[in-house]
Novice: 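Below you'll find the structure I mean.
Heavy-atom basis, side chains included; hydrogens, waters and symmetry copies ignored. Letters A, B, ... mirror the listed sequences (proteins, then strands); counts begin at 1.
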Amino acid sequence: MKNKELARIFDEWADILEFKGDNPYHIRAYRNAARIINDLSEDIEVLAKEGKLSSLPGIGKRLQAKILEFLKTGKIEEFEKLKTEVPDTIFTLLDIPGVGPKTVKLLYEQLGIRSLEDLKRAIEQGKLYQLPGFRQKKVEKIRKGIELLEKSHGRILLGVAVFIVDRIIEQLKSQAFVEHISVAGSTRRMKETVGDIDILATGKNLEIIEAFVSLPNVKELLWKGTKKATIIVEEGEQVDLRVTEPDCYGAALQYFTGSRAHNIHLRTICVKNGLKLNEYGLFKGEQRIAGKTEEEIYAALGMDTPPPEIREDTGEIEAAFEHKLPDLVELSEIKGDLHIHSNWSDGASKIEDLIDEALKRGYEYIAITDHSKSLKIASGLSEEDLMRRNYEIDKWNEKLNGKLVLLKGTEVDILPDGRLDYDDEVLKTLDFVVASVHSRFNEDNTNRILKAIENPYVNVIGHPTGRVIGAREAYPLDLEKIFKAAAETGTAMEINCYYNRLDLKDSNCRLAKRFGVRFSLGTDSHHRDHMWMIKLGVGTARRGWVEKREVINTLTLSKLKDFVMAKRKKFGVV
DNA sequence: GCCGTTTTCGGCCCGACTGTTTTCAGTCG
């Protein structure tokens, strides 16, 4: 798939044009194209072959020609030429917070600065003061920006952000001076990584801000004003709190939730209707016609309210106008966790503790899916140990008497040749089978997975692409082939909820949906304290427009068993 | 460069903050 590569080219193209001081609308067109292509769930090469490029919003004749040129030749002549006109290190300098294209251009032209090292040296030597408009504060800001860039480990994983935000909101929401409080930004949209953590509140400004900066987990106070404060929490992440007036709380929440692309599209619609939308409300002339809640604003525009997770301008605005928004799966509809490890393999919690946690969560069932024998590193279970573990599960189920049901499961290894790590004779004794790839991460694993899908006892393919966010790329896969086979055989695709996996990811969920695939949510917990991550998986599913009926965890226990048996029947093994 | 039940040309989202400006430019979200 060449989507990412193309998106990067158009983004760099926009950087270069900005550096050159080109028409801003021209630049926006490239940025927009980069975003559209990056968010695409389909392979752009396939779209091109089918002649569907023109169906992409924001991709006109000229960009289409460039895309086709790239797909055909592997490069775009005009871009190659453009790149020779600017120093290639400008991209690094643009990453410094507070430094934009105008500054980079000035630094390059006046002082010949081409790299971070050049810039650091120039600051030390006081050379920046030679530049027009550069005095102490501006130079200091750049110096701090470099420091920030060098120590920032990039974006924050969603799971980390959610963990921090949940704790802060829990600590503040019960206070009398807090009227409303909510997470905003990409954390509210449940994006797999987030830039910074935003919280929005309304109530008594000064008291809220004071309470926020005095929370027990605050490591450092960066800024405190009457409407805004910024702290660093003990995890080392920055958290912003804004306090707003109650009358514009909805407008502020809408505004700060984004996405940027969603908001731009929405405001374009407002302008066409003679309205103006900003963080204070929806205005007709001087008069505010909505702003207290998000619903009020969207309703005033004649729309349903798109759930935050899908506000990415990928069709949700059109769907909201047509009253055809998807009925997204909700956390409260999840009846159980379908991927959990106990201390029989490499989990840290005893089955007893997992039961306790599951009961707290109000689950109807959980699947205990310990590793299989070949995964020695994870204490995979021999057939004998598996039987002994199953015996323990039976005992617990008797004791629980239906209050909660433990499914006898496994996360069976898909071996390099596609065979499974247990024989069918063993698998048939289990209630629920997740099959996963745990080796050869650099090879194309399509055939391995297809073979596992063809096994009548495999109910779910675990973490299907093998990616680990920020650490390991997905292995090469023909996802369309896999999704097709999964849908045909009645095999679910996992949305692994563990915070550094989220696999399938949002765009792949949306692709899988088109093939009629069903999804299984599993936290891959190795400790009872991991089971909260189910909400990360629900968020990912929602971002992929996944509906309740498409998620097997929303089934009652008996329907879930039907799901398992349906595949066995289809293959004639029962 | 894109786009059009007002337009194939002339528009293209909106505001805050910062530093330096004494009316604004650059950057950011």
Novice: Separation of Arg28(A) atom CZ from dC3(B) atom P, in whole Å?
Specialist: 13 Å

Novice: Can you tell me the distance, in whole Å, between the CG atom of Asp22(A) and the P atom of dG1(B)?
Specialist: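 Answer to the nearest Å: 8 Å.
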
Novice: Atom NZ of Lys137(A) to atom C1' of dC17(B): distance rounded to whole Å?
Specialist: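 Between C1' of dC17(B) and NZ of Lys137(A): 12 Å.
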
Novice: Among dT20(B), dC14(B), dC2(B), which is the nearest nucleotide to the side chain of Tyr255(A)?
Specialist: dC14(B)

Novice: Should the pair Tyr249(A) and His180(A) be assigned to parallel (<30°), tilted (30 to 60°) or perpendicular (>60°) ring geometry?
Specialist: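 The arrangement is parallel - the two ring planes meet at less than 30°.
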
Novice: What does dT8(B) pair with, Watson-Crick or G-U, if both distances are under 3.5 Å?
Specialist: none

Novice: Mind checking the P distance from dT20(B) to dG26(B)? Whole angstroms is fine.
Specialist: 14 Å

Novice: Which nucleotide in the set dG1(B), dG15(B), dG26(B) lies at the smallest distance from any side-chain heavy atom of Asn23(A)?
Specialist: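 The answer is dG1(B).
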
Novice: Quick one: the side chain of Arg260(A) and the base of dG29(B), do they pair up donor-acceptor inside 3.5 Å?
Specialist: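 Answer yes: a donor N or O sits under 3.5 Å from an acceptor.
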
Novice: For dG1(B), does either OP1 or OP2 sit under 4.0 Å from a side-chain N or O belonging to Lys66(A)?
Specialist: yes

Novice: I need the CG-P distance between Leu131(A) and dA25(B), as an integer number of Å.
Specialist: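 So the CG-P distance, Leu131(A) to dA25(B), works out to 18 Å.
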
Novice: Ignoring hydrogens and geometry, is there a side-chain-to-backbone donor-acceptor pair from Glu12(A) to Ile9(A) under 3.5 Å?
Specialist: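 No, the answer is negative, given that no donor and acceptor are paired below the 3.5 Å cut-off.
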
Novice: Over all strands shown, is Asn263(A) touching base, sugar-phosphate only, or nothing at heavy-atom distances under 4.0 angstrom?
Specialist: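 No contact.
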
Novice: I'd like the P distance from dA16(B) over to dG11(B), given in whole Å.
Specialist: 25 Å

Novice: Base, sugar-phosphate, or nothing for Ile264(A), non-hydrogen atoms under 4.0 angstrom?
Specialist: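 Counting heavy atoms under 4.0 Å across all strands, the contact made by Ile264(A) includes a base.
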
Novice: Given dC12(B), dG29(B), dC14(B), which nucleotide is nearest the side-chain atoms of Tyr25(A)?
Specialist: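 For Tyr25(A), the side-chain atoms sit closest to dC12(B).
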
Novice: Which is true for Pro24(A) with a 4.0 Å heavy-atom rule: it touches a base, it touches only sugar-phosphate, or it touches nothing?
Specialist: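 Nothing: the residue Pro24(A), judged by heavy atoms under 4.0 Å, touches no strand.
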
Novice: With a non-hydrogen cut-off below 4.0 angstrom, is Leu277(A) in contact with a base, only sugar-phosphate, or nothing?
Specialist: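 If one applies the 4.0 Å heavy-atom cut-off, Leu277(A) turns out to touch the sugar-phosphate alone, with no base involved.
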
Novice: Apply the syn/anti split at 90° from 0 to dT21(B) and say which one it is.
Specialist: anti

Novice: By nearest heavy atom, map Gly100(A) and His26(A) onto DNA chain B; which one lands nearer the 5' end?
Specialist: His26(A)

Novice: Reckon Ile27(A) touches a base, only the sugar-phosphate, or nothing at all at heavy-atom distances under 4.0 Å?
Specialist: nothing

Novice: Taking the nucleotide of DNA chain B with the closest heavy atom to each, which residue, Leu56(A) or Asn278(A), is nearer the 5' end?
Specialist: Leu56(A)

